[in-house]
Amino acid sequence: MTKSSRSLLGRLLFQDKGILPTSRLLLVYAGFSALLLVGTLIGLSWTWIFVCNALFIGLSLFDLLTSPSKKEIEVKRSIPDQMERGLTYKVSLEITNNSNRDLAFRLLDGTPQSFHTSLPLKGPLHGHSVGTGSYEVITPVRGDYVLNRLYFRYRSPLGLWEKQKTVESHDEVKVIPDLTETRKVLEDAQRFLLYEGVKIRKQQSGAGEFSKIRNYVVGDDPRKINWRQTAKLREVMTNEYEPEHGKYITILIDCGRMMGAELKKGNRLEKSLEAAMTVAAAALQNGDYVSVLAFSKNVKVYIPPAKGMAHLQTILNRIYNLEVDAAESNYAAVLHYVQTVQKKRSLLLLFSDIHTFLHEDNALYYLQRLRRQHLFLMIGIEDEMLMKQIKAEPVDDIKSMMKSMAQNQMLVKKREKAKWEKQGLLMVEAREEKLASTAVSHYIDMMNRGLV
């Protein structure tokens with residue numbers, strides 16, 4: 001394809017600057033030509049035909065010349081520099097018409113192909129005025145994106161021609177994981193878990209740090225009654241304790257091939273990142289130290305432990321653009337790496353595919369050594385298709401065979417899980433929509449029980 005043909009194709013595809021005839025011009029000219037053809041049948045001379053064509057072309061060119069100049073049109077974009085995956089955002093546009101003529105426009109934004117938008121934007125714009133418009137955009141894929149151009153088309157007064165202008169407008173957009181669950185747990189962890197159907201367990205009697213003295217309520221441990229305050233206030237008062245702060249939490253995120261399995265919304269890695277951010281927010285809010293390690297064949301990202309809510313932004317900036325690798329995960333290598341960088345006792349929270357991990361006997365040696373110092377918890381997403389086959393009614397031979405195979409696969413998984421749990425690795429599977437709440441509830445439960 002030559003350079004000139006590519007330029008013409010770009011104009012037709014709304015991707016270049018230039019002038020194009022509208023459908024109105026083509027239809028009017030077709031009707032006008034039909035009238036001239038009829039005129040030739042009744043004796044209209046060729047001279048009049050040429051004169052009429054010249055007048056028509058002159059009228060259309062006059063219409064083109066009376067349309068606003070491209071230099072008199074300005075377009076500006078206002079877009080958030082950070083957007084969460086799968087959420088709807090509004091992009092604002094400001095269009096300035098510096099001419100004294102009205103126009104009707106269409107506008108396209110040069111968004112990446114993965115963006116879902118409500119474009120094109122259409123509307124009228126009066127002379128010497130500033131118009132505003134907006135469109136909605138959904139970003140389903142994480143990563144860094146650059147928007148460089150806006151494509152603006154407007155019609156001549158009679159609507160016979162369209163002028164197209166390409167506006168250079170540079171904006172950088174960062175698409176991060178969906179932090180809806182993270183915001184919920186930051187607002188109120190107890191309400192978040194109750195909403196998800198999970199209840200935080202009570203603190204063990206007398207364990208943890210003293211928090212405050214409050215009124216005694218039914219169900220409190222009588223051994224924690226503060227008799228001095230009770231006698232002073234003449235009301236039954238009790239001591240309240242909370243888990244000790246300053247514990248170490250290490251979040252391991254698997255980015256191997258199996259984490260690319262598609263779910264209802266996104267894939268396993270997407271859900272694991274969202275759950276990891278939620279657990280990190282809960283831990284940092286409680287005053288714990290959080291470190292994050294992402295891996296596949298090798299270690300991809302390691303964020304050293306730190307405390308404070310400012311560390312949450314550090315974690316987000318380092319892991320928001322993680323992608324699934326084509327390689328298999330090397331669990332033995334990452335466990336060996338954890339052994340070298342994490343010297344203090346911590347809760348190792350591993351987000352991975354349990355079915356794949358169960359067949360990694362090479363990791364057992366490192367797990368046995370790390371188990372002496374650390375507490376392990378592995379969280380995966382349950383296989384919805386497998387559970388559906390197990391619950392299906394065996395109405396015929398094929399259904400019965402599929403149900404039997406699914407049940408056998410589940411029994412093998414339970415047997416392998418029991419072998420690993422004997423070595424100190426706890427394994428939990430949750431539905432994709434409850435992965436974050438399950439991870440947070442287990443974290444809080446382990447902190448409350450003083451296991452770390």
Side-chain angles (χ1 to χ4, degrees), residues 201 203-204 206-209 241-256 272 275-276 279-308 311 314-315 318-319 329-354 356-380 416-428 438-452:
R201 296 183 181 180
Q203 172 69 29
Q204 287 185 347
E209 298 177 344
Y241 297 86
E242 62 182 15
E244 295 181 4
H245 300 315
K247 302 295 184 180
Y248 282 79
I249 313 298
T250 302
I251 301 175
L252 309 176
I253 304 174
D254 185 5
C255 301
S272 297
V279 175
L284 292 171
Q285 192 177 44
N286 288 337
D288 294 329
Y289 292 84
V290 177
S291 61
V292 178
L293 190 151
F295 68 97
S296 56
K297 186 177 181 180
N298 300 304
V299 175
K300 301 176 61 136
V301 173
Y302 174 66
I303 306 171
K307 64 188 304 185
H311 189 52
T314 303
I315 295 173
R318 295 287 303 277
I319 70 172
S329 301
N330 190 342
Y331 296 101
V334 71
L335 292 177
H336 175 70
Y337 185 85
V338 170
Q339 187 177 0
T340 60
V341 298
Q342 186 56 275
K343 301 298 182 181
K344 295 186 178 181
R345 177 172 174 81
S346 66
L347 168 62
L348 300 181
L349 191 59
L350 173 60
F351 289 94
S352 182
D353 177 48
I354 291 181
T356 303
F357 189 85
L358 291 175
H359 298 87
E360 289 291 331
D361 293 334
N362 295 333
L364 186 59
Y365 168 75
Y366 296 99
L367 178 62
Q368 290 172 338
R369 296 185 60 180
L370 286 172
R371 182 63 185 89
R372 302 169 189 170
Q373 183 179 3
H374 304 287
L375 179 65
F376 278 88
L377 174 63
M378 182 175 182
I379 299 182
E416 292 295 322
K417 284 177 62 177
K419 182 186 73 172
W420 283 92
E421 288 175 350
K422 288 181 181 179
Q423 303 299 326
L425 176 61
L426 302 178
M427 293 185 174
V428 177
T438 301
V440 173
S441 64
H442 278 80
Y443 154 73
I444 293 177
D445 178 60
M446 290 180 175
M447 293 296 107
N448 285 346
R449 292 163 58 190
L451 299 179
V452 181

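All residue numbers in this chain count up from 1 along the given sequence.
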*Quick one: do D288 and L347 satisfy side chain to side chain contact (heavy atoms under 4.5 Å, CB included)? Show the steps, please.*
CA-CA 11 Å; D288 294 329; L347 168 62; over 6 Å; no
_Atom NZ of residue position K300 - does it have more than 12 heavy atoms of other residues, nucleotides or ligands inside 6.0 Å?_
yes
*Side chain proximity check, Y302 to V341, heavy atoms < 4.5 angstrom*: yes
*Is there a side-chain contact between I354 and M378, using heavy atoms and a 4.5 Å cut-off?*
yes
*asked:* Tell me if a side-chain donor or acceptor on D445 pairs with a main-chain N or O of S441 at a distance below 3.5 Å.
replied: no
*Going by the side chain to side chain contact (heavy atoms under 4.5 Å, CB included) test, name the single residue among L377, V338, I249, L293 that passes it with L348.*
V338
_Aromatic contact, F295 with Y337 (centres under 6.0 Å)_ = no
*Beyond-backbone contact of M446 with L375, side-chain heavy atoms, under 4.5 angstrom*: yes
*Is the shortest heavy-atom distance from the side chain of V290 to the side chain of I251 under 4.5 Å?*
yes
*Quick one: does H311's side chain have a donor or acceptor within less than 3.5 Å of a partner on K307's backbone?*
no
*Side-chain contact, heavy-atom cut-off 4.5 Å: L335 with F376?*
yes
_I need the minimum non-hydrogen distance between V279 and A439, along with the two atoms involved._
CG2-CB, 3.4 Å
*asked:* Taking ring pair (Phe, Tyr, Trp, His ring centres under 6.0 Å) as the definition, give me every residue that meets it alongside Y289, ordered by chain and number, with sequence neighbours left out.
replied: Y248
*Looking only at non-hydrogen atoms, find the nearest pair between P304 and S291 and report the distance.*
C-CB, 3.8 Å
*Kindly compute the distance separating CG (L252) from CG (L349), expressed to the nearest 0.5 Å.*
7.5 Å
*Are any non-hydrogen side-chain atoms of L426 and H442 less than 4.5 angstrom apart?*
no
_Is a donor from one side chain sitting under 3.5 angstrom from an acceptor on the other, for D254 and Y331?_
yes
_Pair V292, I253 - check side chain to side chain contact (heavy atoms under 4.5 Å, CB included), show working._
CA-CA 8 Å; V292 178; I253 304 174; 4.0 Å; yes
_Closest heavy-atom pair and its distance - H374, K344_ = CE1-O, 2.9 Å
*Got a sec, which residues hit side-chain contact (heavy atoms from CB on, under 4.5 Å) with A332, two or more places apart in sequence or on another chain?*
N330, N362, Y366
*Considering all heavy atoms, the nearest T250-S346 contact*: OG1-OG, 3.5 Å
